[in-house]
Amino acid sequence: SMSIAMALFDLHGALSTLASMLSPPTFDIQIIDAIHFLDNQDFAPELQVEDRYFLRQALNSGRETLAQIHDTHRIIHGSPHGMNILVVAGEPRFIDFETVQVGPLEWDLAHLEPEVADHYPAPLDVDTLAVCRLMVSATTSTWCWAGLERGPDMRSHAEHHLAAVRSALG
């Protein structure tokens, strides 16, 4: 957790030096895309109507909340989950930079285990982190429901993240 937090902190520092050369999309494009797809009844046909509505409402509400945040102009990885971390010479290294975007640091930390945020050496807003975690679970559930044909683990991921959203909003 500590080494991943430090690696992410270093990555955020390196990305900030590139800010003038990059014009990545904003982090909320994933939320907007998920809402748009959930509006289409043919999208993710195995997703129950009430769950579709619930995910859409959660995404809309979270997007509105995150729109009020002022510190969203950082360049972040965008999707630094465990599958995008390699260990090189005993140190974690992030890969898969096509997801680089502008957003709050908390968005990146929401993709990782909670302990990583505990060790992150820069100030974080706990409320923003909680909403980002909720949005990451809601978008992940949405995309997993749409990708059930990709493998048997997709349904369990879809259901796990839907349950996480329900629990957070319970």
Side-chain angles (χ1 to χ4, degrees), residues 1-16 18-19 22-38 47 51-85 92 94-147 157-170:
S1 303
M2 172 87 78
S3 59
I4 292 172
M6 293 310 297
L8 187 60
F9 179 76
D10 291 345
L11 175 62
H12 286 151
L15 288 171
S16 72
L18 303 174
L22 298 175
S23 57
T26 58
F27 75 103
D28 63 344
I29 196 73
Q30 297 167 61
I31 300 170
I32 295 165
D33 284 349
I35 292 167
H36 173 76
F37 278 98
L38 287 167
L47 180 60
D51 292 336
R52 177 185 305 274
Y53 179 78
F54 175 74
L55 283 171
R56 193 183 180 293
Q57 292 303 107
L59 288 162
N60 266 320
S61 173
R63 181 175 174 235
E64 288 171 15
T65 300
L66 291 174
Q68 308 302 315
I69 295 164
H70 301 291
D71 184 26
T72 58
H73 301 291
R74 298 284 306 264
I75 297 192
I76 59 174
H77 183 283
S79 189
H81 54 74
M83 299 302 287
N84 286 338
I85 301 172
F94 290 92
I95 60 168
D96 201 9
F97 292 101
E98 81 254 5
T99 58
V100 165
Q101 49 199 229
V102 175
L105 298 174
E106 290 86 354
W107 182 260
D108 271 0
L109 287 153
H111 286 80
L112 298 161
E113 295 74 24
E115 302 76 43
V116 176
D118 295 340
H119 294 293
Y120 193 80
L124 299 171
D125 183 277
V126 293
D127 294 332
T128 300
L129 182 57
V131 175
C132 287
R133 283 194 176 122
L134 183 63
M135 294 298 92
V136 167
S137 277
T139 55
T140 300
S141 180
T142 300
W143 304 131
C144 288
W145 278 111
H157 289 311
E159 290 171 349
H160 166 80
H161 285 285
L162 178 60
V165 175
R166 284 204 187 284
S167 174
L169 295 177

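To the nearest 0.5 Å, atom CZ of residue Phe54 and atom CG of residue Leu169 are 4.5 Å apart. Here His157 contributes atom NE2 and Thr140 contributes atom OG1; the two are 9.5 Å apart, rounded to the nearest 0.5 Å. With rounding to the nearest 0.5 Å, the separation of NE2 in His119 from CG in Leu109 is 12.0 Å. Taking CG of Leu22 as the start and CD of Gln101 as the end, the distance is 12.5 Å to the nearest 0.5 Å. Interatomic distance, Leu105 CG to Cys132 SG, rounded to the nearest 0.5 Å: 9.5 Å. Atoms OG1 and CZ, on Thr142 and Phe37 in that order, are 11.0 Å from each other to the nearest 0.5 Å.
Between the side chain of Asn60 and the backbone N or O of Ile35, no donor-acceptor pair lies under 3.5 Å. Remark: the backbone N or O of Ser61 is paired with a side-chain donor or acceptor of Thr65 at under 3.5 angstrom. Put simply, the side chain of Thr99 gets close to the backbone of His77: a donor and an acceptor are under 3.5 Å apart. The backbone N or O of Asp125 lies less than 3.5 Å from a partner atom in the side chain of Glu106, making a donor-acceptor pair.
Between the side chains of His12 and Asp108, a donor-acceptor pair is found at a separation under 3.5 Å.
Leu129 and Ala110 make their closest contact through CD1-N, 3.9 Å (heavy atoms, listed as atom of the first residue, atom of the second, distance). Closest non-hydrogen pair, Ala138 versus Val165, comes out as N-CG2, 3.6 Å. Nearest heavy atom pair, residue Gly13 against residue Ser16, reads O-OG, 2.7 Å. Of all the heavy atoms in His81 and Leu112, the pair that sits closest is CA-CD2, 4.2 Å. Between Ser137 and His161, the closest heavy-atom pair is OG-ND1, 3.0 Å. Scanning all heavy atoms of the two residues, the minimum distance from Pro80 to Leu8 falls at CB-CD1, 4.4 Å.
With contacts defined as side-chain heavy-atom distances shorter than 4.5 Å, the pair Asp118/Ser1 does not qualify. Side-chain contact between Trp107 and Met135 is present, with heavy atoms from C-beta onward closer than 4.5 Å. Looking at heavy atoms from C-beta onward, Asp33 lies out of side-chain contact with Thr139 at the 4.5 angstrom threshold. Side-chain atoms of His36 and Leu59, non-hydrogen and from C-beta on, never get closer than 4.5 Å to each other. In this structure, Ile69 and Val131 have side chains that are not in contact, with every pair of non-hydrogen atoms separated by 4.5 Å or more. The shortest distance between side-chain heavy atoms of Asp28 and Leu66 does not fall below 4.5 Å. No side-chain heavy atom of Ile75 sits under 4.5 Å from any side-chain heavy atom of Leu18. In this structure, the side chains of Met6 and Tyr120 stay at 4.5 Å or more apart for every pair of heavy atoms.
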Checking side-chain contact (heavy atoms from CB on, under 4.5 Å) for the pair Asn84/Ser79: CA distance, chi angles, key distance, verdict? CA-CA 8 Å; Asn84 286 338; Ser79 189; 4.1 Å; yes
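Counting heavy atoms of neighbouring residues, nucleotides and ligands inside a 6.0 Å radius, atom CZ of Phe97 exceeds 12 of them.
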